[in-house]
Structures are given as structure tokens and as C-alpha cells.
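Report on one structure; see the data block that follows.
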Amino acid sequence: MATQKRYGMLYDSNKCIGCQACSTACRAENKVPDKVSRLQVWIEGPKGKYPDLITDFHRKSCVMCDSAPCVPVCPTGASYTTSDGVTLVNEKFCVGCKYCIAACPYQARFLNPETGAADKCTFCHETRVSRGQKPACVSICPTGALIFGDMNDSKSDISLALKSQRAVKPKEHLGLKPKVVTVPNWRGGDA
Amino acid sequence: MITRRSFLKLSGAVAASLSVASMFPDIATWAAGGKVEGKADFVRSFCEMCTSRCPIQAKVVDGKAVLVSGNPDWGATGGTLCARGVSGQSQLYDPQRIQKPLIRVGERGEGKWKEVSYEEAYDYIAKQMQGIKEKYGPEAMAFGCRKGPHMSYLYTFAKAYGSPNTHNHESTCPLARTVGLEVTFGTAGLGLDYGNCKYIVSLGRNYFEGINVAQVRGVMNCINKGGKLVSIDPRYSLTSAKAHEWLPIKPGTDLALVLALNHVFIRDGLYDKDFITKYTEGFEAVKASVTSYTPAWAEKETGIKAADIERIAKEMAAVKPKAILDWGWRTTFTPEEFELRRAIIIGNMLLGNLEVPGGSFFSKGPGFINGLVGKPVVQGIAGFKTPPFPKPAKPRVDGAGVKGHPMELAPAGDGIAQAVPESILTEKPYPIKGYFAYRYNPVVTMPQTNRVIEAMKKLDLLVVCDIYMSDTAMFADVVLPESTYLERDEGFNDYSGGVPAFTLRQQVVKPVYNTRAHWQIFKELSEKMGLGAYFPYTNIDDIRLTQMGGKQDLVKMGKEKGFVNFGMKPLFLRDKNSVAEFVKQFPDAQSLVNEQGYIDKYLTNLKTPSKKIELMSQVAQNVFGRGVPVYRPIQIAESGQQLFIQGKTGLHTNGHTHNVPWLHELMPENRLWMHPETASKLGVKTDDLVEMASTVGKQQVKAYITEGVRPDTVFCYMGFGRVSPGLKRAYKKGVNSNLMIPTSTVPVCGITLQTAGVTLKKV
Ligand code: SF4
Ligand code: SF4
Ligand code: SF4
Ligand code: SF4
């Protein structure tokens with residue numbers, strides 16, 4: 001029985017060591033020009049008073065809002081959401097007006113200097129996920145900090161992980177229902 | 001857009017520069033040639049961005065490498081990789097690489113070159129090396145490289161020429177551990193099984209920044225399964241950030257802590273008595289030596305509370321033998337380094353963690369397995385038949401492995417790197433006049449940069465083979481460009497650990513520039529010098545087939561899978577289950593199994609004088625006067641000085657990757673970490689310039705104010721502050737840690753120190 005897929009990702013900041021393998025793999029896989037990024041991992045810290053310190057890790061990328069504010073503002077229809085819940089940009093239709101960039105509260109979008117079109121994380125939809133592979137960042141992560149999959153499948157890794165983990169949605173108060181969620185640092189941090 | 005600026009602001013610990021992006025072309029788009037579609041091929045190989053050599057898989061579309069990832073069939077890494085590995089592609093297509101052989105035309109170090117053919121370069125080198133041999137003897141040439149599968153080509157070349165002076169970089173990295181293990185076990189081939197461990201104490205070993213992907217996964221597995229990680233480090237590293245406890249120890253006092261742990265293990269009878277009785281020698285001497293090393297005493301030395309030391313010892317003992325005191329890596333803080341490594345090894349043996357899952361184990365290569373079974377059941381890497389080497393007329397300048405020399409215990413196969421610049425400058429015990437540095441950059445990886453430069457300048461001949469115009473290459477007479485690892489085929493590399501395995505490096509794309517592989521360079525150069533008989537292979541297939549004993553199927557397996565293995569599960573000699581598995585596969589081994597289900601005869605038949613594990617070493621007693629480790633307090637810094645320490649970042653490797661485009665972009669420079677107390681005394685804020693001076697060097701550094709370092713200590717990531725203008729991106733960015741460190745050689749093991757006392761003042 002083929003039900004509609006709904007892709008999501010979990011980022012466990014406890015397992016993340018900030019190694020940047022994911023952001024580098026994203027660059028390679030998606031030919032992201034050198035001075036812009038679809039993904040970065042921010043290392044925040046050490047914070048606290050010596051010797052009681054913590055360091056937090058944050059994944060910064062498109063969080064694939066269910067109610068994506070970047071889509072309705074697009075005058076050309078270049079920004080759209082696929083049936084499996086992935087927000088994408090069709091660069092052929094994009095006129096570079098940057099409305100979507102302004103609308104995104106996660107600062108996930110940028111103008112690609114090579115194509116002139118809006119760009120951001122695509123969940124590697126075209127090159128990998130639609131071919132049954134995991135996104136580049138997920139498959140490269142040495143510590144298994146990233147879990148990706150179909151949230152409509154109750155037996156998928158992502159569904160199981162979401163059940164067992166204390167995950168939070170970034171900027172939840174905005175009500176945009178992101179599908180990239182974070183397990184906050186168990187040592188404290190900004191849950 | 002996620003700006004780089006905001007990234008840098010938040011990631012003070014990692015990235016540091018606010019400089020505008022440099023002018024290099026866009027590697028990602030260039031590599032892709034603008035194309036997205038095309039037929040993809042996957043080539044299995046192994047990485048060379050650091051010495052861990054992780055198995056990789058590279059995706060190639062239309063002849064261009066587009067994504068380097070981990071080899072999905074390699075269990076220990078499961079298809080994952082670190083950022084350095086993924087960035088190999090940006091190094092491959094980097095226009096700042098050395099593109100053709102070069103011969104110096106200007107003054108040494110002036111940067112004036114003429115492009116030549118390989119023939120001309122070889123002719124030049126052959127003539128000069130011949131001249132040195134005639135004038136001073138072949139031992140006046142020294143040869144250095146990193147450790148790795150390429151090493152045998154350089155060493156063969158050196159020995160064929162007639163010089164005993166070969167070395168790798170180990171004495172600036174883990175040599176103390178090597179010598180400590182050898183003295184105790186008769187071999188340095190041991191590993192630690194992090195993944196199954198329940199308690200890991202790291203003494204400055206920084207898993208999550210000195211990244212070895214398999215080890216990163218092992219330690220993370222340990223944590224995920226409820227194991228505990230304790231990080232003992234004067235600096236709050238990313239390993240400390242992930243650890244359950246961070247104990248900011250006073251630099252140079254780790255030995256006191258370990259001796260106190262050993263004290264508690266013995267005092268409270270927490271050690272594994274059976275293990276100690278059965279397999280070890282010298283327990284009584286150890287026991288007598290640690291009586292005064294109480295936790296209360298250690299608290300005064302280390303700054304770590306006695307109660308914490310007591311507690312950690314008890315926690316470790318409670319889960320023994322699945323507890324590890326990591327015997328570490330490049331953290332040489334004092335001349336007592338050999339004592340420290342041995343005390344750590346002894347601690348592990350008190351916990352009885354040898355040859356059990358979650359503990360320590362002997363590396364099990366083909367030789368080990370065949371020796372155990374008593375006949376050749378696993379193919380080993382075979383070599384070529386070559387004529388005997390000429391016998392060197394003089395002993396090595398560094399004394400490594402030379403009977404009766406104070407450095408007798410240092411392995412001759414590694415040598416003592418820092419002895420070479422000393423021999424060049426002091427001409428003692430005899431002068432070194434020529435140096436061949438293969439993929440080796442002593443100017444930034446050896447202590448005392450300025451002295452190494454002085455030495456390089458004094459040479460009659462400096463040949464450098466590298467992929468970038470490194471800080472050493474800039475002083476060379478001849479520079480030979482090697483192909484990067486993504487452009488060259490190679491022979492098999494012994495990658496045995498828990499089980500025998502070989503990895504294979506394969507060409508992913510054709511060389512982008514006029515570069516060649518080392519096996520070709522050394523063969524061609526040797527032929528020029530009439531030494532071709534020492535490199536009797538014809539091509540890479542010949543090398544591989546000979547290595548695999550003529551077995552085509554193994555070569556084929558290597559090419560397809562990227563590695564050769566023998567279907568073995570990790571064998572722990574004191575683990576019933578894994579021994580049973582082993583005997584199932586090799587029934588000839590049945591006779592070795594004792595009534596407990598162990599194969600522990602090996603542990604009482606070691607290559608040590610007593611054949612047992614030597615907790616007390618007569619050999620060390622003889623050369624050193626200290627058969628068991630004892631403590632002598634060491635003062636690193638004078639009063640008014642700060643303790644300067646250095647360490648690794650997960651984004652760079654030693655003196656190797658700082659100019660690699662994507663890695664440079666992620667971390668273009670380093671800063672000097674200092675505690676707010678230190679900073680307020682100096683009146684400096686983050687990014688202010690500070691002058692840092694030691695007895696051997698002075699430089700201006702940018703401050704990074706953080707609680708993540710002890711108030712008496714300053715820290716920086718190593719490998720920055722590059723002196724070669726040929727490294728256009730990395731040139732003069734950040735702090736050169738080795739500029740501060742005086743040259744020194746630690747007794748017995750020959751390692752260099754990696755700390756210094758420094759004075760700071762605001763600029
Ligand atoms: S690859 Fe994994 S561990 Fe490394 S920064 Fe990305 S999420 Fe974190
Ligand atoms: S994170 Fe930003 S770019 Fe991504 S779907 Fe939400 S609003 Fe759009
Ligand atoms: S920049 Fe492109 S994708 Fe974004 S709103 Fe404008 S047209 Fe749409
Ligand atoms: S899912 Fe793909 S596009 Fe998105 S951050 Fe990961 S690698 Fe980049």
C-alpha cells in the first residue's frame with residue numbers, strides 16, 4: 001500500500017561533534033558555490049563559568065516548514081512544495097526577487113551566485129532521495145547525528161527516533177511546523 | 001542566507017577569521033564542470049587527508065570527481081567520513097597545487113623557479129646526490145616522510161643509496177606510546193576497543209578533533225550505550241564538550257594523576273589479581289613505587305580533587321575489564337613522557353583489560369594469525385626480491401635503535417626526526433648535507449621553526465616531493481610534484497586491526513597536472529642513479545599482484561571492494577565467544593584453547609625478555625635507571641609566564657591541509673585561547689593582538705578569550721601561521737605553534753616536547 005511520503009529529519013545535537021563533514025558533503029553533492037552554504041553547523045561555546053562549561057551545536061539549514069512562508073510569497077511559483085512535503089525552488093522560474101529569502105525566518109535561503117536563483121537545502125530530493133538514497137549530509141555524518149526518512153511510515157528510522165527522543169522544533173512559536181527537528185544538548189543548552 | 005560572518009561569530013571555538021574570502025575559483029562548480037547529469041561511477045580507495053586512511057568511495061561523473069564519501073562496506077566507518085576527507089576534491093582541483101617539477105633559480109627560499117621535465121629534475125637530483133656521496137659519504141643524506149604505505153619506497157631508495165638516516169614524523173607525534181608499548185609487550189601493535197568499552201579516560205586524547213572516523217564512532221558508541229567518557233585536558237576541547245566530565249588538569253602533571261589512579265587500584269585491591277599473577281612481571285616493584293602517590297598528593301600536583309581521583313579509580317574498577325585509560329597521542333608536555341605512557345599502560349594492565357572486548361588488544365595482522373595457527377592461513381603482503389642493501393659505514397645520527405646509544409629503545413624504523421636539523425647545524429655526530437623530504441613539512445611540523453629553517457638553508461641539497469609549495473618546499477633546490485591520492489593507483493596497505501585487512505588506493509581521476517605517483521617517482525629516480533634493481537616492478541598491477549602472492553582473486557577483491565579481508569570476526573584471546581568463532585574458522589587453532597576457552601598462551605610468550613607483560617622493565621632500568629615509572633615534578637613555565645599548549649582541530653591535519661580550499665574556508669586561521677582572568681590582566685579582548693614570546697620565538701597573535709582553558713594556560717590549534725607564500729590562502733594566517741617550542745628530545749623514547757613557557761603582552 002503506497003501511502004504518501006512525508007520526509008523529515010532529526011538532528012541529535014548530543015551526537016554532533018561539529019566536524020562539518022555534513023556541510024562539506026552538501027557543498028560537494030549540490031555544487032554549492034564556495035562562499036554560500038545550504039548547511040552549516042554552528043558550534044556555540046564553551047559557555048558557562050570555568051570549569052562548568054557546555055558547548056552547544058546547531059544545524060543551520062532549511063527546516064522544511066509544513067506551512068512554508070517562502071512559498072506563498074513567490075510571485076512566479078518558482079518556490080513550491082512537493083507532494084512528499086519538500087520545499088524546493090525551480091531555478092528556471094526564479095527571477096531572483098528575494099521575497100522568499102526575506103520571508104524565511106530561519107535565514108535558510110540565499111541567492112546562488114552561479115545560477116542567480118534562490119537556493120537552499122532540498123533534502124537532496126532530486127539527486128538522492130527520489131532515488132531511494134539518504135541525503136548527502138545524513139549519509140556522511142560520522143556519529144549518526146542525523147536521521148532521515150518518511151514520517152508517515154511508523155516503522156521508519158525517523159518515526160522510531162521521534163518516538164524515543166525528546167526532539168524540539170526550532171522557533172516552534174512561529175507555528176510553521178518544521179520537519180527538521182533537534183534533540184537538544186543533554187548538558188543544558190538552549191532547549 | 002546563512003552568512004559566513006554569523007557562522008564565525010558563533011563558532012569562535014572553531015573558525016576564527018573575519019577576512020574576506022580569498023580569490024580562488026569555485027572548486028565545487030569547477031569540479032562539476034557545470035554539469036549535473038552524466039553517468040556516475042564509483043571508485044573504491046582510501047583517504048590521505050590525514051593518517052587514519054579511512055576507506056572511501058569516490059563518485060565520478062564525466063571524468064570529474066564529484067563526491068568523496070566513506071566506503072559503505074567498511075564496517076568501522078559505515079560509509080561516513082570527516083570534512084577533511086570530503087574536501088579531497090577541492091584539493092584535487094586546486095590551481096595552487098604544484099603543477100610541474102621545479103628547479104630553484106633564485107636564492108634559497110626566494111621563490112624563483114624554473115619549470116622542468118621530470119627527466120631534468122631527476123638528472124639534477126641524481127647528480128647532486130652523487131656529489132654528496134663522493135664528497136661526504138652516503139650517510140650525509142637524510143630522508144624523511146610521514147608514516148604510511150609510501151614510506152617503504154623512500155626508505156628503500158635511501159638504503160639503496162647507502163644512508164642509514166631515514167625517519168618519519170612519529171617522534172613529533174606518538175613515539176613515546178610506541179616505545180612504552182614495545183618495552184611492556186615486545187610490540188607496539190596494540191589497539192583499544194572503544195565501541196564495547198564502558199569507561200574511557202582520555203588524557204588529552206581528543207577523539208572528536210583529532211578525528212579518526214572509526215575511533216570517533218567507537219567512542220560515540222560507548223557513550224550511546226551508556227558508557228562514560230572522562231576528558232582530562234587543560235583545555236575544554238570538543239571531546240571535553242561531549243564528555244561526562246571535564247577535568248582541567250595542570251599541563252605536564254598527567255603522570256601524577258595516573259600514578260594516583262594506579263595507587264588506588266592497588267591500595268584498595270581493585271586490580272585484577274588473576275591477570276596480574278598469570279601474565280605480568282614486576283607487580284611488586286610497581287606496588288612499592290606507588291605507595292606515596294596518594295590522591296591527596298596528586299591533587300596538589302594536578303589541581304584535580306583527590307575525591308575525584310578516588311571516585312574515577314573506583315568507577316573504572318567497577319566496570320573492569322571494560323575500562324580504558326587511553327594511552328594517547330601527541331600530548332608530550334614534559335621530558336617524563338616515557339614514564340607517563342608506561343604508567344598509563346600499567347594502569348590498563350591493573351584493570352586486566354588486555355584481549356577482552358571493551359579493552360585493549362593486540363593488532364591481528366596476517367603474521368599474527370598465521371603465527372597463532374602455526375601455518376599460513378591468511379595471505380600477508382609480500383615484497384619484491386631485491387639485492388642486499390649496502391652496509392652503511394656510519395651509525396644513524398639520531399642513535400635510534402643503535403646499541404649502547406641513549407636512544408637505543410627508539411625504533412630505527414621511525415627514527416628521531418628532530419635530530420636531522422640538529423646534525424645539519426651542529427655537524428654532530430657528523431654533518432648532514434642533503435635532505436630528501438617526501439610529503440613531509442618539518443618547517444611547521446617540527447619544533448622551533450626558525451631553527452629548522454636555518455638548517456634547511458644550510459643544506460647543499462634539499463629535495464622536496466609534495467603536492468603544495470609547502471613551507472619546506474619553498475627552501476628546496478628541486479620540487480617534485482606528486483599526484484594527489486585521488487589521482488594515483490597504489491599498492492595494498494596493511495590495515496589490520498582487530499582482524500587482518502588490506503586497503504587499496506585506486507586512481508579516481510586522471511592527474512589534473514603534470515604529476516606522478518611516488519612508486520613511479522622513486523623507481524625512475526633510482527634508475528637514473530643506477531639503483532633500479534631495488535625497484536624491480538614494472539607497473540602498478542605488478543606491484544599489487546606480487547603483494548598478494550600472485551593471487552588474482554585477492555587483487556580483484558581489492559579493486560572491487562576497496563579492501564581485502566578474510567571474513568574474520570574480531571578475535572580477543574581472552575574472550576570465550578570470539579575464540580570459539582576463531583577456532584570454527586581455523587580448526588588448527590583448537591589445540592591452543594585452554595579450559596577457560598581462552599588462547600592465552602600468547603600472553604606468556606611475548607617478545608619481552610621475560611616473555612610476559614613487563615610492568616617493571618629491566619631494559620628500561622638498564623638504559624634509564626627507572627624500571628617502573630616514578631614522578632619528578634617538572635616546571636614548564638617560569639613565574640610570570642603562561643603554559644603554552646597546542647592541539648588538533650577536526651578541520652585540519654598537522655601541516656598538511658591548511659591551504660586546501662574548502663578546509664581553509666571553514667577554518668582559515670587560529671587564535672590564542674586565553675582565560676578571561678589572563679585577558680583582563682593583559683587588558684585584551686577577543687581579536688586584540690598579543691605578542692607571545694618564548695625562549696626561541698616571538699610572534700603576534702590574535703586573542704580568543706574563553707573560559708575553556710585554564711587561567712595559567714594558553715592554547716592554539718597547530719599548523720597555522722604558514723611561512724610559504726606559495727600557500728596563498730594559508731600564508732601568514734594565525735599562530736604558528738612550533739615557532740614557540742624549543743627543540744628537545746625526551747629521554748628513552750626520543751619524542752619532541754610540544755609545550756613551552758611563554759610571556760604575553762598587549763601589542
Ligand atoms: S557531520 Fe554529523 S557530527 Fe559532523 S557536524 Fe554534521 S551533524 Fe555534526
Ligand atoms: S525554513 Fe525557510 S526556506 Fe525552508 S521551508 Fe521554512 S521558510 Fe521555507
Ligand atoms: S527569489 Fe525566486 S524563488 Fe524566491 S520568491 Fe523570488 S522568484 Fe520566488
Ligand atoms: S539534505 Fe542535502 S541539500 Fe539539505 S543540507 Fe543535507 S546535503 Fe545539503
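Remember, it's a predicted structure, so these values are computed and weren't measured experimentally. Numbers restart at 1 for each chain; the letters A, B, ... are given by sequence-line order, proteins then strands.
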Decide, yes or no, whether a salt bridge links B:D94 with B:R729 under the criterion of side-chain N to carboxylate O below 4.0 Å.
-> yes

Flag the pair A:R6 and A:D150 as a salt bridge only when some basic side-chain nitrogen lies within less than 4.0 angstrom of an acidic carboxylate oxygen.
->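 Salt bridge: no.
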
If I measure from the heavy atoms of chain A, does [X] come under 4.5 Å with its side chain, its backbone, both, or neither?
X: B:V219; result: neither
X: B:T239; result: neither
X: B:A76; result: neither
X: B:T77; result: neither
X: B:I211; result: side chain

Is the Lys NZ or Arg CZ of B:K242 less than 6.0 Å from the centre of A:F57's six-membered ring, within 45° of the axis?
-> yes

Is the cationic atom of B:R235 (NZ for Lys, CZ for Arg) positioned less than 6.0 Å from the six-membered ring centroid of B:F715 and within 45 degrees of its normal?
-> yes

Looking at chain A, which one of [options] has the largest number of heavy-atom pairs inside 4.5 Å, strictly under?
options: B:R217, B:R710, B:E707; answer: B:E707
options: B:G650, B:G79, B:A241; answer: B:A241
options: B:P248, B:G708, B:P676, B:A214; answer: B:P248
options: B:T706, B:V213, B:N224; answer: B:N224

OH (A:Y80) with more than 12 external heavy atoms under 6.0 Å = yes

Would [X] and [Y] count as having a side-chain donor-acceptor pair, cut-off 3.5 Å?
X: A:Q4; Y: A:D84; value: no
X: A:S159; Y: A:S156; value: yes
X: A:R109; Y: A:S79; value: yes

Which value, rounded to the nearest 0.5 Å, describes the distance between B:F208 atom CZ and B:S202 atom OG?
->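 Taking CZ in B:F208 and OG in B:S202, the distance rounds to 9.5 Å.
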
Measure [X] against the heavy atoms of chain B and call it side chain, backbone, both or neither at under 4.5 Å.
X: A:T143; result: both
X: A:C19; result: both
X: A:T115; result: neither
X: A:K49; result: both

